[in-house]
Amino acid sequence: MDSKHALNDLSVAQVRNLRRIEDTFRRHCRQFGYDEIKTATIQHQYIFTAREVLSPTEKERMLDFFDKAEGWGGEPVVLRPDSSPCVARSYNERLHRGDARTRRKFCYVENQFVLTDSKEAISERWQCGVENIGQDDAAEAVHGDIEVIFMAYDIVRELLGKNFCLHLSYPAIIKEMVKTLLPGQVEELLTAIRNKETPRLKELLGSAPGGEKLLNLLALHGESVEYLASLKDTLHGIGPEQILEDFENFIRICTLLDRLGCSYLIDFSLLGQTDYYTGVRFQMTPGASSTGGRDILAVGGRYDNLIGDMYENIYDTRLSLSETGSMPATGFALYVKNICRELTETMSPDQGVLIYLAEISAEDIALGQELWQKLTGLGFAARIIFGPPTGDLSQAAMVLEVDRKRHEDSFHILHSRKIDKSVFLKMIGGS
Amino acid sequence: MTREIINLALPKGDILAPVAELLALLQFPVSNYHAKNRTYRPEVSDPSIRAKIMAEKDVGLQVAVGNYDVGFCGLDWVREHQIKYKATRLHGIKEDLLPKGQSLYACSGQGGGIDSLLDLQQKPGYVTLISEYPEIAKDFAIRHSLRKFKIFSAWGSVEGYPPEHADIVLLTAENEEDLRQRGLVPLSCEFRVSICLVVNTNSMESKDLTPVLRFFNAMGDER
């Protein structure tokens, strides 16, 4: 029987796919100017338990323990359950130390730890994520939103082709409506929305004036800017004016996504299990009908209050860099294991190029490494071997024997499915 | 389902007397269940039941890990265990079996400047909580969204810590007046502490526990 930790092991094929995802992710991050950071695995628990960070369900799933360095009980700490609050903490500490650069773009490749749904085992997940911090005005914020949505979309499209669905929602609109309609039952109503408890929602909202409009908003799905514009017209008089401004913002984002050729499905019921989103929220799944946690390929959105609120929590003073004390930010995370499940198997090294060193010498290994570099740069799965190749060589795309003393050009092609030596030399830039 | 031996955990300490009284009232077939029993092994005339006496705070853990199938302990220790071990096999099958005459309160110290939950939520710096129940204290801090908090466990007499060495203590008491007389400011009553009948959920599925549970069926609502 497998140990309960086996579910967190990554097989050779999974790691190969993980690297493929990381490589694609890092290339996109370089394109858009994101700097990579790593945050600590162990974090203060309070950064996750503050208001509007994690949903009650996610708080229950944290792996917490006491910091033994305190000697006597002490501060509860957790294994990082989510990376965005960790990046926010790290960023706040830089600000507090006097780093004047408020606009920062961070990316990370990190693992997170939570209890499984049954709470009987630990689930270790891997995420590649970005945090785009410090857009000053509404126009910049929309560009920030578009940038992260497009990046996530483009990465997933490159990895999986067109076989995925981008879902868009706007939790701030739903939260404002809930606060207006049922101020005394906000948490209960939000939990019912998150868990898609339709009968309970109808029961709670049925008697509330305007409740039907929220029920419609949660039930209807659309794929166009026109759909949003039509919905907006139905919402006059429910909640503060901010709701209509949020709708306008949502329409601007969708208009730009149309221009970028990114198709989407609008579904206001997707609030997610993190509570910090203040603007547009998005998630990607393998198909339009799947919205569950195990299927999610990527999640992201705007979180304008997380950094400022956390700064105040940590330092007992408001962030002085902005009038409101907040620091606008947006980001996303790719769910690596879920994407791995959808990826087709990459080329096995057995099917790639073998570089066999017939003579073990410093010169020959340097040449072998040089060949490896050129071949991998061309996209081949190459590897160096010391002993003679064994097994069925026809499974390999090519077998090179390196021996500076015996071979002209210092190497010889022992086996090749398609390419002769003259073509190969041209490919790698030789004579 | 097989008729196996049912292991019963009986508490010593404060709740020994009310539990022993209840067992006698229900004509549960146990004898020598009293504080002076130095073997910790009371006799049970039903051969399918084996009983042992242990510290009340250990009953929950011992039932949870399956060393015992059924036991009695206060709701405070059940909650402490359930918060710490979220997938626990410990289940309070009758959480209001007997009144304990106490509730669990969160209190600050008089003169410490924390007179309400709002004061606590707005307090700058770390909030220090001391309790015999560190997991309940942590849960309290999370539920009330305390900004930063540290938890320290104590063996008892926590009322002596605030306001100098703790902002908040969580402890059981008969009522708020009792707490005020001890120099404390009650901020919230977290729950009423009753004596519970607890079972191991695996045992519920694999063993016939009726030789024990049938005595309590008529008492209150099953949960």
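All of these numbers come straight from a predicted model, not from anything done at the bench. Letters A, B, ... mirror the listed sequences (proteins, then strands); counts begin at 1.
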>> Under 3.5 Å, is there a donor on one side chain and an acceptor on the other for Y303(A) and E131(A)?
In response: yes
> How about N313(A) and R147(B): does a side-chain donor come under 3.5 Å of a side-chain acceptor?
Replying inline: yes
>> With heavy-atom distances below 4.5 Å as the criterion, would you say the side chains of Q121(B) and V127(B) are in contact?
In response: no
> Of the backbone (N, CA, C, O) and the side chain (C-beta and beyond), which part of K138(B) lies under 4.5 Å from a heavy atom of chain A, both, or neither?
Replying inline: side chain
> Taking 4.0 angstrom as the limit, do D178(B) and R182(B) come out as a salt bridge?
Replying inline: yes
> Picking from R51(A), H44(A), K59(A), which has the most non-hydrogen pairs under 4.5 angstrom with chain B?
Replying inline: R51(A)
>> For chain B, which candidate among I47(A), D309(A), L115(A), I314(A) shows the most heavy-atom pairs at distances under 4.5 Å?
In response: I314(A)
> What part of Y126(B) gets closer than 4.5 Å to chain A, counting heavy atoms only: side chain, backbone, both or neither?
Replying inline: side chain
> What is the ring orientation for Y315(A) with H96(A), classed by angle as parallel under 30°, tilted 30 to 60°, or perpendicular over 60°?
Replying inline: parallel
>> Heavy-atom cut-off 4.5 Å, strictly under: side chain, backbone, both or neither for Q122(B) against chain A?
In response: neither
> Checking I130(B) against chain A: side chain, backbone, both or neither under 4.5 Å from a heavy atom?
Replying inline: side chain
